[in-house]
Colleague: 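Before anything else, here's the structure in question.
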Amino acid sequence: MERSPNLLDEALGFNHQLSASSLRGRAVFIEDCLETSGSFVLHHLIKHFLSLHSSAGVVFVAFAQPLSHYERILRKLGCNLLTQRNNNRFFFIDMLNLDCADGETSEGELAALYGKIQKAVEAIEATGNNGNSISVMIDDISLMEVAANGSSHHVLDFLHYCYTLTSEFGCSVIALNHEDICSNTENSRLTLQMEYMADILIKAEPLATGLASDVHGQLTVLEKGFSDGQTSSRGKVHKFQFKVKENGADYFYPGTSV
Amino acid sequence: MGELVLRALRDGALEGEQAVALTIKDIVESPFGFDVFNYFFVQLSSNILGGKSQSRGLVLVAFSRSPSFYVDLLESKGIDASSPSTWIQILDCYTDPLGWKDRLMGCGTITNHSWEASSMATVCKNVRNVDMLFSSIVELGKGTAVLFAKKVTSSFSFSFKEKVDLLFSICLWFLMLAGLVGEGKNRFSLAIDSVSELLRHASMSSVAALLSNLRSHDKVSSAFWLLHSDLHESRPVAVLEYMSSMVASLEPIMRQTEGQKGGSDSQSLRENNPWKGKFHARIKRRNGKVRLMCEEFYVEQSGIRFSSASAEVGIFNQGLLPKVQFNLQLSEKERTDRANVVLPFEHQGDGKAIQIYDGRRSPLEGNNHTAPASSEKLQTSDSLGKGEIIYFRDSDDEMPDSDEDPDNDLDI
C-alpha cells in the first residue's frame with residue numbers, strides 16, 4: 001500500500017520503493033519515559049516491516065502486552081497480525097509469564113529465548129527472505145530486566161547476542177527501553193550501554209512546556225551508526241513533534257501542526 | 001597529535017621495556033571512541049604491512065563488532081587482510097562469547113550459521129576465562145610471527161629469478177641466521193575493541209592482571225584498547241589509566257555541568273555539536289615527563305579526522321589545570337597590558353636612579369620630579385598602552401616599613 005512518507009519515515013530512511021528495509025543490519029533503540037510513551041514508534045515499525053514485501057518478517061518478543069493488544073492496534077493501522085502470523089511472517093514470542101528466581105536461571109532463560117528468536121529468524125529466512133527484511137523487536141527491555149530478576153548483566157548479554165543477528169543474518173534489532181526506570185547505577189548503565197550499542201537512537205520526550213492536547217511530545221532520531229568506509233548514513237539528527245492518534249501518529253515540525 | 005600517538009604505537013617498546021599501551025576513553029556525550037579505535041587500528045595495520053612498525057603482526061580481540069566488520073574496514077582502506085599469509089589474527093569474542101550458541105546448537109535448537117571460519121579468526125566461547133584469553137592472545141600473536149616468517153621464506157624461494165629480489169632475500173636469510181628476523185624476534189601488537197565488554201564478564205583484578213601480563217610479555221610491542229568510562233566506577237577507569245603509557249580522552253566541545261539532567265541534555269549536546277569534539281592525549285615519556293595535548297576531532301563519513309592545529313597544553317610533571325567554568329588563561333590584550341605595567345622597586349632599565357615613594361611626599365612635590373621611576377604613584381607615559389599603579393597612603397602618620405623588611409632581596 002503506497003502512502004506518502006512522514007517525518008519519521010524520512011528520518012529512518014524508509015523508501016517504499018525498495019524491497020529491503022533501510023534498517024537492515026542495524027540496531028535501533030527507542031527510549032521513552034513515563035510522560036511520553038514510545039510504543040507508537042514500535043507499532044509504526046511493525047507495520048513498516050510487514051508492508052515491505054511478501055517475504056519480510058518480524059519476530060516480536062513481548063514482555064509488556066499480550067498479542068491481542070498489538071493485534072488491535074495494528075488492525076487500526078491497516079495490518080492484520082493474525083494473518084501475517086499464519087503466513088509465517090509474524091512470530092510472536094509471549095514472555096509475559098517469565099519470572100526468573102535467580103541469576104543462573106535468568107541466564108538460562110534468556111539464552112533459551114535467544115534460541116527461539118534465532119530459530120524464528122531461520123524459519124523466515126527459509127521462506128526465501130535473504131535476511132534483509134527481518135526485524136527482531138523487543139517490548140520492552142525494562143520489563144525484561146524485571147523478569148530476569150533485576151539482572152541487567154544478563155539482559156546485556158542477551159542484547160549482545162541479538163546484536164550478532166545483525167551481522168549474521170542482516171536483521172534489524174529494535175528494542176524499547178524506559179530510560180526513567182533507573183533505581184540504581186546498574187540500571188542507568190544498562191541504558192548507557194544500549195546507547196553505545198545503538199546505530200539509531202530514537203528518543204520520545206515530553207515537551208519542555210508541559211502537556212498539550214495537540215502535541216503529545218517530541219521525537220529525536222539520532223543516527224549514530226559507525227564508520228566502516230562504506231555506509232553513508234551516519235551523522236544525521238532529526239527532531240520533530242508528534243501527536244498519537246487512533247490510527248497512527250502525526251509528525252510535524254514545531255509550530256506546523258494542523 | 002594523533003600522529004604522535006600512532007608513532008608511539010608503531011615504534012613500540014625497547015628491549016626489556018613494557019609494551020606501549022594506549023587507553024582510548026570516551027563518554028556517551030561524545031561516543032566516538034570506536035571511531036578513534038578504528039583510526040588507530042587501520043593506521044597501525046598499514047604501518048605493519050609496510051614494515052614501518054616494530055611489530056610484525058596484529059592480534060585483534062573483537063568484542064563489539066564481528067571479525068568481518070574489521071576485514072571489510074581494512075579492505076575499504078585498501079589494506080588486504082584476507083591473504084593466506086596473513087599478518088592479522090582476530091580473537092572473536094563477539095560471535096559467541098558465553099557459549100550460548102554452542103549449547104543451543106548442541107540441543108538442535110539452532111543451526112550453525114555464517115560463523116567466521118576464516119584462517120584469521122578464532123572463536124572464543126568463554127570470555128569469562130581470562131587465563132584462556134591470555135593464552136589465546138599469545139598463541140595468536142605467535143601465529144602472526146610464524147606467518148610472517150613463512151612469508152619471508154616464501155618470498156626468498158620465489159625470488160631467485162630476479163637480481164634485486166635475490167640480493168634482498170640473501171640479506172634476509174643472513175638476518176634470520178643472526179636471529180634478528182624470524183619467529184623468535186617478531187613482536188605483535190594487540191588491539192581490544194572494548195575493555196568495557198571484558199569488564200562486564202571478568203573482574204577488574206583479573207582484567208588488570210591480563211593487561212599487565214600482556215604488556216610485560218616480550219612478544220607484545222604495543223597495545224591499545226577502548227573504554228567507555230561512564231559505564232564504570234572511577235576505580236576501574238583509574239586502574240586502566242595507570243596501566244597505560246598513553247591515555248586519549250574524548251569529550252564534547254561543550255561539556256555539560258553536573259547540575260544538568262543527564263539524559264535529555266546529553267542528547268541536546270549531541271545535537272548541538274554532534275560530530276565533533278575534543279581529543280585530549282596524555283602521553284608519558286620515558287624520562288618520566290607527561291605531555292598533554294588537545295586537538296579537535298571531526299567525525300565524517302569516511303572516519304575520524306583530527307584538526308591540524310594542535311594546542312599543546314604544556315609539559316609538566318604535576319596535575320592538570322582545574323577544569324572550571326571560568327577562564328584561567330589570559331587573552332592577548334591582557335598579556336600586553338600586564339607586560340606594560342611598571343612595577344615598583346624594580347630597575348626599569350632606563351639608567352635612572354630609583355626613588356622610593358614612602359607616602360610622605362606631597363602631591364605638589366611629586367609633580368616636580370621629572371621621572372620618579374619607582375614611585376608608588378607612577379607617571380603615565382605618553383604611550384597609551386602603559387599600565388599604572390596608583391597608591392594613596394592612608395595618612396601621613398603611617399610609619400614606613402620597618403627595618404625587618406621581608407623584601408630585602410629586592411634590588412632597590
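Numbers restart at 1 for each chain; the letters A, B, ... are given by sequence-line order, proteins then strands.
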Colleague: Cut-off 3.5 Å, side chains only: do B:T109 and A:K116 have a donor facing an acceptor?
Modeller: no
Colleague: For B:F63, which atoms come within 4.5 Å of any heavy atom of chain A: side chain, backbone, both, or neither?
Modeller: backbone
Colleague: Pair A:R189, B:D230 - check salt bridge (Lys or Arg N to Asp or Glu O under 4.0 Å), show working.
Modeller: CA-CA 8 Å; A:R189 290 210 186 106; B:D230 47 2; over 6 Å; no
Colleague: With a 4.5 angstrom heavy-atom cut-off, is it the side chain or the backbone of B:S196 that approaches chain A, or both, or neither?
Modeller: neither
Colleague: Among B:L74, B:L98, B:V42, which residue has the highest count of heavy-atom pairs closer than 4.5 Å to chain A?
Modeller: B:L98
Colleague: When rounded to the nearest 0.5 angstrom, what is the spacing between OH in A:Y114 and CZ in B:R103?
Modeller: 12.5 Å
Colleague: If you compare all heavy atoms of A:Y196 against all heavy atoms of B:V28, which two are closest, and at what distance to 0.1 Å?
Modeller: OH-N, 2.9 Å
Colleague: Before giving the answer on side chain to side chain contact (heavy atoms under 4.5 Å, CB included), spell out for A:Q118 and B:L104 the whole-Å C-alpha distance, their side-chain angles and the decisive distance to 0.1 Å.
Modeller: CA-CA 10 Å; A:Q118 182 166 336; B:L104 290 167; over 6 Å; no
Colleague: Please work out whether the ring planes of A:Y161 and B:W100 are parallel, tilted or perpendicular, with thresholds of 30° and 60°.
Modeller: parallel
Colleague: I want to check something: taking the side chain as every heavy atom from C-beta on, are A:K224 and B:F32 in contact at a cut-off of under 4.5 Å?
Modeller: no
Colleague: Between B:L231 and chain A, with a heavy-atom cut-off of 4.5 Å, which part of the residue counts as in contact: side chain, backbone, both or neither?
Modeller: both
Colleague: So do A:L192 and B:H228 actually touch side chain to side chain, heavy atoms under 4.5 Å?
Modeller: no
Colleague: For the atom pair NE2 (B:H201) and CG (A:L156), what is the distance rounded to the nearest 0.5 Å?
Modeller: 9.0 Å
Colleague: Considering only heavy atoms and a distance below 4.5 Å, find which of B:G33, B:S64, B:P97 pairs most often with chain A.
Modeller: B:P97
Colleague: With ring centroids as reference points, do A:H160 and B:Y94 lie under 6.0 angstrom apart?
Modeller: yes
